[in-house]
Amino acid sequence: MTDTQTGPLVVLVGPPGAGKSTVGRLLAERLDCGYRDTDADIVAGQGKEIADIFVDDGEERFREIEAEAVRTALAEHRGVLALGGGSVLREGTRALLAEHPVVFLEVGLHDAVHRVGLDAPRPLLLGNPRQRWRELMEARRPLYTQVARVVVDTDGLSPDQVADAVLAALELEKR
Ligand SMILES: Nc1ncnc2c1ncn2[C@@H]1O[C@H](COP(=O)(O)OP(=O)(O)OP(=O)(O)O)[C@@H](O)[C@H]1O
Ligand SMILES: O=C(O)C1=C[C@@H](O)[C@@H](O)[C@H](O)C1
Ligand SMILES: [Mg+2]
C-alpha cells in the first residue's frame, strides 16, 4: 500500500455464493491488509441481521442503508472490500465503483446453488433458491460486468485458487 492510495486495494462484487466474503478474507491475509465487508458493516450499524432488516424494514430501505454503507467503506477502507451481492443495483453505487479496482467473481448456477446451501440464510433466495438465484443473476450480470475492471470465473476453483486468480488479474503482489 502506498501513502497516495485513495481507496480499497480490491473491491469484490458478485452474486450470493460467488465467494466474496471467503475470498476477500483470504486476499486480505495474502496482501497483509485489512478486510471489510459491507454486509457486516450494516449488521453492526443496524444492530440486527440482514434477514431481519428485510423483514422489518423491507428491501428498499435495506438498499438505502447499503448504498450509504458502500459509500462510507469506499471512502475509508484501504484493504480488501467485499460488497453485498445486490449493491450494484443502485446507479449511484455503480458510478462510485468506476474509480476502483473492482473484481466480479463469476459463478455458474450449479456451483452457486451448492455453495449457498452451505451456510447463512439469504432472504432473497427464500422459496426456490435455484430459480431465485438464476433470475437474480440474469438481471444483475450486466451490472456486475459494467462495474468490473476484471472478471474472475470461480467455477470449479477452490477459494485459494480464486484468490490466486484475483491477484494475478489485478497484478497485485503477495506480501
Ligand atoms: N471457490 C469456492 N469453492 C467452494 N466453496 C466456496 C467457494 N467460495 C465460497 N465457498 C463457500 O460458499 C459459501 C458462500 O461463500 P461466501 O459467503 O463467501 O459468498 P458471498 O459471495 O460472500 O455470498 P453473499 O453475497 O451471500 O454474502 C461459503 O460456505 C463458502 O465457504
Ligand atoms: O444479493 C443480494 O441482494 C444480497 C446479498 C447479500 O450479500 C446481502 O447483502 C443480502 O442478503 C442481499
Ligand atoms: Mg458475503
Side-chain angles (χ1 to χ4, degrees), residues 8 10-30 35-46 48-73 77 79-90 93-94 97 102-144 147-148 151-169:
V10 183
V11 181
L12 298 175
V13 300
K20 302 177 294 296
S21 303
T22 309
V23 172
R25 282 190 207 96
L26 282 175
L27 283 170
E29 273 173 34
R30 305 259 190 106
Y35 168 72
R36 185 159 165 171
D37 191 319
T38 57
D39 280 340
D41 290 350
I42 292 167
V43 171
Q46 300 297 306
K48 55 182 167 182
E49 293 303 319
I50 287 176
D52 293 325
I53 303 174
F54 269 75
V55 172
D56 295 347
D57 309 305
E59 179 171 352
E60 201 43 40
R61 176 67 190 134
F62 173 77
R63 296 299 173 203
E64 281 169 20
I65 296 167
E66 179 174 56
E68 195 47 42
V70 173
R71 176 184 296 280
T72 302
H77 189 59
V80 176
L81 178 64
L83 301 188
S87 49
V88 297
L89 292 169
R90 290 252 162 163
T93 298
R94 296 199 297 278
L97 290 174
V102 178
V103 179
F104 168 22
L105 296 182
E106 170 74 271
V107 59
L109 178 68
H110 178 272
D111 281 28
V113 167
H114 175 71
R115 291 182 199 164
V116 295
L118 296 178
D119 58 10
R122 289 167 168 84
L124 284 182
L125 300 181
L126 287 175
N128 182 343
R130 236 183 125 73
Q131 188 186 337
R132 291 289 298 125
W133 191 93
R134 195 200 324 253
E135 289 165 359
L136 182 151
M137 188 58 159
E138 272 169 18
R140 292 183 186 171
R141 183 176 278 104
L143 306 180
Y144 293 133
V147 298
V151 181
V152 170
D153 188 354
T154 72
D155 270 345
L157 298 187
S158 69
D160 268 317
Q161 289 172 321
V162 176
D164 284 340
V166 169
L167 292 174

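In listed order, ligands and their atoms are each counted from 1. The shown structure was predicted, so the numbers you read here are calculated from the model rather than taken from an experiment.
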Regarding ligand 1, does Val116 bring an N or O atom to under 3.5 Å of one of the ligand's N or O atoms?
no

Between Val103 and Val10, is any pair of side-chain heavy atoms under 4.5 Å apart?
yes

Have a look at ligand 2 and work out which part of Met137, if any, has a heavy atom under 4.0 Å from it: side chain, backbone, both or neither.
neither

Under 3.5 Å: donor-acceptor pair, side chain of Trp133, backbone of Val113
no

Any nitrogen or oxygen of Ile50, main chain or side chain, under 3.5 Å from a nitrogen or oxygen of ligand 2?
no

Please give me the protein atoms (N, O or S only) lying under 2.8 Å from the Mg ion (ligand 3), ordered by chain and number.
Ser21 OG

Suppose I only count heavy atoms of Phe62 and a 4.0 Å limit; which atoms of ligand 2 are within that range?
9 (O)

With heavy-atom distances below 4.0 Å as the criterion, list the atoms of ligand 1 near Thr22.
9 (C), 15 (O), 16 (P), 18 (O), 30 (C), 31 (O)

Can you name the atoms of ligand 2, numbered from 1 with element, that are less than 4.0 Å from a heavy atom of Gly84?
7 (O), 9 (O)

Value for CG (Asp57) from CZ (Arg63), rounded to nearest 0.5 Å, stands at 13.5 Å

Honestly, for Asp39 the part within reach of ligand 1 (heavy atoms, under 4.0 Å) is side chain

Please work out, at 4.0 Å between heavy atoms, whether the side chain, the backbone, both, or neither of Pro15 comes within that distance of ligand 1.
backbone

Looking only at non-hydrogen atoms, find the nearest pair between Thr38 and Gly84 and report the distance.
OG1-N, 3.1 Å

Lys20, any N or O under 3.5 Å of ligand 2 N or O
no

Taking only non-hydrogen atoms of Glu66, do any sit less than 4.0 angstrom from ligand 2?
yes

Just jot down the ligand 1 atoms closer than 4.0 angstrom to any heavy atom of Ser21, in number order.
18 (O), 22 (O)

Below the 3.5 angstrom mark, is there an N/O of Leu157, backbone or side chain, next to an N/O of ligand 1?
yes

Which bit of Glu49 gets closer than 4.0 Å to ligand 2, counting heavy atoms only: side chain, backbone, both or neither?
neither

If you count every heavy atom of other residues, nucleotides or ligands that lies below 6.0 Å from Glu49 atom CD, does the total exceed 12?
no

Within 4.0 Å of some non-hydrogen atom of Gly17, the atoms of ligand 1 are 19 (O), 20 (P), 21 (O), 23 (O)

Walk me through whether Tyr144 and Glu106 qualify under side-chain contact (heavy atoms from CB on, under 4.5 Å).
CA-CA 9 Å; Tyr144 293 133; Glu106 170 74 271; over 6 Å; no

Hey, which atoms in ligand 2 end up nearer than 4.0 Å to a heavy atom of Arg63?
2 (C), 3 (O)

Salt-bridge criterion met for Arg25 and Glu29 (N-O under 4.0 Å)
no

With the threshold set at under 4.0 angstrom, would you say Pro159 reaches ligand 1 through any of its heavy atoms?
yes

Residues forming a salt bridge (charged side-chain N to carboxylate O under 4.0 Å, His left out) with Glu135, sequence neighbours excluded
Arg132

Compare Arg25, Lys20, His114 and give the one whose heavy atom is closest to atom 24 (P) of ligand 1.
Lys20

Verdict with reasoning, Val166 to Arg30, per side-chain contact (heavy atoms from CB on, under 4.5 Å)
CA-CA 11 Å; Val166 169; Arg30 305 259 190 106; over 6 Å; no

Do Val43 and Ile50 pass the side-chain contact (heavy atoms from CB on, under 4.5 Å) test, and can you show the C-alpha distance, the side-chain angles, and the key distance before you say yes or no?
CA-CA 6 Å; Val43 171; Ile50 287 176; 3.8 Å; yes

Could you list the atoms of ligand 2 found under 4.0 angstrom from a heavy atom of Gly85?
1 (O), 2 (C), 5 (C), 6 (C), 7 (O)

Look at the side chain of Asp37 and the backbone N and O of Ser21, then say whether any donor-acceptor pair between them is shorter than 3.5 Å.
no

For ligand 2, which atoms have a heavy atom of Asp39 less than 4.0 angstrom away?
6 (C), 7 (O), 8 (C), 9 (O)

Does this structure show an ion pair linking Arg90 with Glu60, if we count only N-O contacts that are shorter than 4.0 Å?
yes

What heavy-atom pair brings Val107 and Ala18 nearest, and what distance separates the two atoms?
CG1-CA, 3.8 Å

Answer yes or no for Gly24: is there a heavy-atom contact with ligand 1 below 4.0 Å?
no

For Leu83 and Leu97: C-alpha separation, side-chain torsions, deciding distance, then whether side-chain contact (heavy atoms from CB on, under 4.5 Å) applies.
CA-CA 11 Å; Leu83 301 188; Leu97 290 174; 3.9 Å; yes

Atom indices of ligand 2 within 4.0 angstrom of Pro16 heavy atoms, with elements
1 (O)

Test item: Asp41 and Thr72 side chains (from C-beta on) under 4.5 Å apart, heavy atoms
no

Return a yes/no value for Val162: is any of its N or O atoms, backbone included, closer than 3.5 angstrom to an N or O of ligand 1?
no

Is the closest side-chain heavy-atom distance between Arg61 and Ile53 below 4.5 Å?
no

Proximal atoms of ligand 2 relative to Arg140 (non-hydrogen, under 4.0 Å)
1 (O), 2 (C), 3 (O)

Under 3.5 Å donor-acceptor, Lys20 side chain and Gly14 backbone
yes

